There are 2 protein chains.
Amino acid sequence: MSKRATAREVAAAAGVSKWTVIRAFTPGASITEESRRRVLAAAEALNYTPNLLARSLATNFTHQVAVFVDDFANPQKLPFLEALTARLQAEGRVVMLININTQFDHVRALLNADQRQVDAVILFGTAFRDETLRDRKLSKGMPPLFVLARDSQIEGIPAVVCDAEVALRDIVSHLAGKGYRRPGFMAGAQVLSTALQRKHYFAHFWGRHGISVNTELSAHDYSWKAGARALHSYLATTPPAERIDVLMCENDILAMGALDVLRSDFGLRVPEDMAVLGFDNLELSATPAYSLTTYEQPLHSMVDAVVAMVTGELEAKTVAIAGQLILRATA
Amino acid sequence: MSKRATAREVAAAAGVSKWTVIRAFTPGASITEESRRRVLAAAEALNYTPNLLARSLATNFTHQVAVFVDDFANPQKLPFLEALTARLQAEGRVVMLININTQFDHVRALLNADQRQVDAVILFGTAFRDETLRDRKLSKGMPPLFVLARDSQIEGIPAVVCDAEVALRDIVSHLAGKGYRRPGFMAGAQVLSTALQRKHYFAHFWGRHGISVNTELSAHDYSWKAGARALHSYLATTPPAERIDVLMCENDILAMGALDVLRSDFGLRVPEDMAVLGFDNLELSATPAYSLTTYEQPLHSMVDAVVAMVTGELEAKTVAIAGQLILRATA
DNA sequence: AAGAAGCTTGCTACCGGTAGCAAGCGCTGC
DNA sequence: GCAGCGCTTGCTACCGGTAGCAAGCTTCTT
């Protein structure tokens, strides 16, 4: 296989200069209809299309957006990625999916994204210490950063989040109305959990009802297994009379682990013995096997907002968008 | 924010030519220790790192691999993407995640990938007609194509798949041994289904036992809802006495839909009234809520193989790797 | 008919690297 | 003292586009 055709080759074939070839491919450029026809015919014959790499180098605009992800255990990432890629592609951008892990951490990934001259970086729900970015972000020429689905505590880095305050207010108000009085919270990975603020507002709104949240389970990460393990050890060490009557899990995948342990390992009834709530509304949360009461994040609004900020249509500042409480059988 | 520093600026600061700067960043280049020290110090001060875009243009090697995905409903994509990104990043490559949909089809995506000069394209379980690629692939300069997790019927385009023949042989042999005699198959989206060959081998191995597979349900796509709907209409129109006694679903997500319909909508027992099998072994398939008997694809071996082909360490030719039957409660 | 204005085209310079040639330099050997 | 060698360094040319100036040609105005 030979290489791609270049503008120069097309120019030779069409009997014009390479700049005229470029103009035929530049909308709004000054070129006669006649020249355009000849160039396009020659381009067609040679199978020519402009080289976007060269264009990017010259324009400082790659039309690539890096998306950082560090947790692939939560199935919720998938619909988000679907929407993100679809929306960005509709805007002529393309997603570079970066797996943040111990081998390839945030600093290295940011450096790499910078070297590749991406137009923007979206930190999609990744767990990092804000300090990590504080020095880096000031470095000249870095692509703009956006945080999606977690809070950003750094001045100047905008975040697009599901409004945790509204969400937890609705949730707690529903639970208090149903008569629950001994609430507990299950959190996932420490660093991210803080940035989600769900625990904070959960306790805050129970406080308004004169009830304090004393039980806090922590799962090691956001996975079914971690959720199951955390609740298992709680149930194993807490006598029935002292147990909470409702458990708010930081997301659905933790809630599923909790539900399975309640029902299968301990033979308890949900919601009679203990109610359970999640957060995300996964496809499988709606199934009769779980029928999980949960809170749906405004996925499309969130993605639209972050994409609009990336393209510059929307001012880059933190926005919190309200989601929707989905009432089902578990609470 | 000003722009990134360039080799020329570092050169001026270090009092050498820009080529010496480049050499300081090129492993194995001919440069004195003294020069390298001075260049690296200047680079450090100016926060210089080589521009990979410019390097890519000059070397015709972007270290980017496009991964095409057209079905985000199957949670199984996520662990695959995790492994793919991690392995490729370990090899110094980066993944461009392309969402194939009606707005952005295979042809457009391939053209775009070509224009961006990616080193390779991985078609990850996408449903396309082989004819679509037949003309394109011959076009000069196209990046090499690899098919992951589905078969390629095109000469010269290698595929990395879970060995369907071995898988279905094991499955059918297990089912026949358990005494099942009226097998049915549930397939997903037509085009992809053919390329998975699961239905084919399922019928083939039952044939060896003198049993033909007469019941074929087709789901509209690979989603819980589609699986539920397909089985629902089958059960609604088929009297109990005429029903199959075991249902092989093309993947776990379809099987989950089927299981929920069996138990919740029709009050049937699994596996007594009907056994169910899936394919993939999702995290949630292992939960007590489903406890689905399924077949696990050799995810890591498959990813290793395709990555090795991309990097050229492994000869690019179709390989089928055996997975593992996971026995649980539903069959 | 001459000058002004407008459109089209080709040109130089540049984006930030890479490849490989050739000159400069120090060192060795005779 | 000089040829010969090897290492280091700078150079030209190039990757395939973009930006914007200036020349050439029409067309319009007076």
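Computed from a predicted model, the values in this text were never measured in an experiment. Letters A, B, ... are given to chains in the order of the sequence lines, protein chains preceding strands, and every chain is numbered from 1.
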More than 12 non-hydrogen atoms from neighbouring residues, nucleotides or ligands closer than 6.0 Å to CD on B:Gln153, yes or no? yes

Reckon B:Leu57 touches a base, only the sugar-phosphate, or nothing at all at heavy-atom distances under 4.0 Å? base

Name every donor-acceptor pair, under 3.5 Å, that has one atom in a side chain of residues 19-26 of chain B and the other anywhere in the protein, sequence neighbours excluded.
{"unit_1": "B:Thr20", "atom_1": "OG1", "unit_2": "B:Ser17", "atom_2": "OG", "d": "3.4"}
{"unit_1": "B:Thr26", "atom_1": "OG1", "unit_2": "B:Ile22", "atom_2": "O", "d": "2.8"}

Donor-acceptor list for residues 307-315 of chain A side chains, cut-off 3.5 Å, not counting sequence neighbours:
{"unit_1": "A:Thr311", "atom_1": "OG1", "unit_2": "A:Val307", "atom_2": "O", "d": "3.3"}
{"unit_1": "A:Thr311", "atom_1": "OG1", "unit_2": "A:Ala308", "atom_2": "O", "d": "3.2"}
{"unit_1": "A:Thr311", "atom_1": "OG1", "unit_2": "A:Glu313", "atom_2": "OE2", "d": "3.0"}

Return each pair, listed once, that meets salt bridge (charged side-chain N to carboxylate O under 4.0 Å, His left out) where at least one residue sits in residues 297-312 of chain B; pairs must be two or more places apart or across chains. B:Arg87-B:Asp304

Between A:Arg150 and A:Asp71, does any NZ, NE, NH1 or NH2 come within less than 4.0 Å of an OD or OE carboxylate oxygen? no

Any chance the side chains of B:Thr126 and B:His106 put a donor and an acceptor closer than 3.5 Å? yes

What pairs with B:Asp105 under side-chain contact (heavy atoms from CB on, under 4.5 Å), at least two apart in sequence or on another chain? B:Val107, B:Arg108

Looking at every strand, decide which applies to A:Tyr48 at a 4.0 Å heavy-atom threshold: base, sugar-phosphate, or nothing. sugar-phosphate

Give every residue pair that meets the ring pair (Phe, Tyr, Trp, His ring centres under 6.0 Å) criterion with at least one member in residues 64-99 of chain B, sequence neighbours excluded. B:Phe80-B:Phe124

Partner set under side chain to side chain donor-acceptor pair (under 3.5 Å) for B:Arg55, not counting sequence neighbours: none

Could you pull out every donor-acceptor pair under 3.5 Å between side chains of residues 90-102 of chain A and any protein atom, sequence neighbours left out?
{"unit_1": "A:Arg93", "atom_1": "NH1", "unit_2": "A:Glu91", "atom_2": "O", "d": "2.9"}
{"unit_1": "A:Asn99", "atom_1": "OD1", "unit_2": "A:Asn101", "atom_2": "ND2", "d": "3.4"}
{"unit_1": "A:Asn99", "atom_1": "ND2", "unit_2": "B:Glu82", "atom_2": "O", "d": "3.0"}
{"unit_1": "A:Asn99", "atom_1": "ND2", "unit_2": "B:Thr85", "atom_2": "OG1", "d": "3.1"}
{"unit_1": "A:Asn101", "atom_1": "OD1", "unit_2": "A:Gln103", "atom_2": "N", "d": "3.0"}
{"unit_1": "A:Asn101", "atom_1": "OD1", "unit_2": "A:Phe104", "atom_2": "N", "d": "2.9"}

Let me test you: for the helix from C:dA1-D:dT30 to C:dC30-D:dG1, what is the angle between the axes at its two ends (five pairs each), rounded to 10 degrees? 50°

Nucleic acid contacts of residues 16-26 of chain A, taken as heavy-atom distances under 4.0 Å to DNA chain C: A:Ser17, A:Trp19, A:Thr20, A:Arg23

Determine the minimum heavy-atom distance between B:Val10 and B:Ala43, stating which atoms define it. CG1-N, 3.9 Å

Those residues at least two apart in sequence (or on a different chain) that pass salt bridge (charged side-chain N to carboxylate O under 4.0 Å, His left out) with A:Glu34 are A:Arg37, A:Arg38

Contact list please: residues 35-42 of chain B against DNA chain D, heavy atoms, distance less than 4.0 Å, in numerical order. B:Ser35

Contact interval (first through last nucleotide) of DNA chain D with protein chain A, 4.0 Å heavy-atom: D:dC15 to D:dG20

Closest nucleotide of DNA chain D for B:Thr32 versus for B:Ala58: which of these residues is on the 5' side? B:Thr32

B:Gly125 and B:Leu192: which non-hydrogen atoms are nearest, and at how many Å? O-CD2, 3.6 Å

